[in-house]
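What you see is a predicted model; the values in this text were computed from it and never measured.
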Protein chains: 2
Amino acid sequence: MSGMSYRHPERDQIRVDGVLSALGNPLRLSVVRLLDGGGDHNCTSVLNTLGVTAKSTMTHHWRVLRESGVIRQRPSGRENLLTLRREDLDARYPGLLDAILAGARADES
Amino acid sequence: MSGMSYRHPERDQIRVDGVLSALGNPLRLSVVRLLDGGGDHNCTSVLNTLGVTAKSTMTHHWRVLRESGVIRQRPSGRENLLTLRREDLDARYPGLLDAILAGARADES
DNA sequence: ACCTCCGTACGTAGACATTCGAACTATCGC
DNA sequence: GCGATAGTTCGAATGTCTACGTACGGAGGT
């Protein structure tokens, strides 16, 4: 049997204050920027890329991102694949994600 | 002499994670929606409109909103006038504020 | 001067966030 | 089965956020 799946909010259950609160954390914003860059990501690869030490720390952040509707977490084998819920976010809050990601890039300059 | 002024970040000192974190709080998001509606606002009028009990609670939120660059606080007589820094936010993060405000309205439906 | 109104500063209390280590479950390969 | 890998769960420590009451200071009106 494949692993258990997590509870995700439906598209119409997403709330903007939850999304903003989730993305107001620098580490979680970095995660979203990384996922937006495309490619396959599991928890460990993100953890290594961002230089986080403890896996259990990220487990906390996965839950915040998942329960706010920002990412989707899909178990596959012994990995946990992570994807940005771009279609849902774009449908519900047009332009929000792009504005945030552009803003994050602007802050780096 | 008029009252002391507060420290506000310059436009280019604003950071998107600070803005998101500030607006991730439902009460502060309501404040921004109210200020965006136009009209003159001082601290007490916002407090009364939103049904907040303690002034000192709002003083905390004014600081968060001010230091993240979302609002400007300008003492005038014995009042403290509040304005949304729309021009600065629009210049630095095009579309962000509109997307957030539209999202907040969408969540109400 | 006096009183009143507007808002801040301070201390405090409880709730929540963030991070970590250690123990645990499940999966894959041998 | 055995060992290694991928993540989670749990508990604890630390820090931050939110809200409140009280006290304070500045500005206006009388």
### Message
Can you measure A:Leu81 atom CG to C:dT27 atom P for me and round it to whole angstrom units?
### Response
15 Å
## Note on the structure
Note: for A:His60 and B:Ser21 on DNA chain D, the residue whose nearest nucleotide lies more 5' is A:His60
#### Entry: Nearest listed nucleotide, side chain of A:Thr44, among D:dA27, D:dG7, C:dT8
D:dG7
### Task
Ignoring the backbone of B:Thr57, work out which of D:dT8, D:dC20, C:dG7 is nearest its side chain.
D:dC20
### Nearest-Å distance for atom pair CG/P, residues A:Leu47 and C:dG21
12 Å
### Query
C:dT18 phosphate, OP1 or OP2: any side-chain N/O from A:Asn25 under 4.0 angstrom?
yes
### Message
Do the side chains of B:Arg86 and B:Asp98 get close enough for a salt bridge, i.e. N-O under 4.0 angstrom?
### Response
yes
### Query
Got more than 12 heavy atoms from elsewhere within 6.0 Å of CD, B:Gln13?
yes
#### Entry: Presence of A:Tyr6 side-chain N/O under 4.0 Å of D:dT8 phosphate oxygens OP1/OP2
yes
### Task
Check whether any side-chain nitrogen or oxygen of A:Gln73 sits under 4.0 Å from OP1 or OP2 of D:dT8, and answer yes or no.
yes
### Query
Are there more than 12 heavy atoms of other residues, nucleotides or ligands under 6.0 Å from atom CZ of A:Arg15?
yes
### Query
Between A:Leu29 (CG) and C:dA17 (P), how many Å, whole number?
18 Å
#### Entry: Atom-pair distance (CG on A:Asn80; C1' on D:dT5), nearest Å
14 Å
### Query
Has A:Thr53 got a side-chain N or O lying under 4.0 Å from the OP1 or OP2 atom of C:dC20?
yes
#### Entry: B:Asp40 atom CG, neighbour heavy-atom count above 12 within 6.0 Å
no
## Note on the structure
Testing C:dG7, C:dC10, C:dA22 for proximity to the side chain of B:Lys55, the answer is C:dG7
### Task
Report yes or no: does A:Glu79 contribute a side-chain atom to a donor-acceptor pair with the main-chain N or O of A:Ser76 at less than 3.5 Å?
no
### Summary
Taken to the nearest whole Å, CZ/B:Arg63 to P/C:dG7 is 17 Å
### Message
So, does B:Asn42 get its side chain near the phosphate of C:dC6, meaning an N or O under 4.0 Å from OP1 or OP2?
### Response
no
### Task
Consider the side chain of A:Trp62, meaning its heavy atoms from C-beta on, and name the nucleotide among D:dT8, C:dG7, C:dT18 that approaches it most closely.
D:dT8
### Query
Which part of the nucleic acid, if any, lies within contact of B:Arg28, taking any heavy atom under 4.0 Å across all strands shown: a base, the sugar-phosphate backbone alone, or nothing?
sugar-phosphate
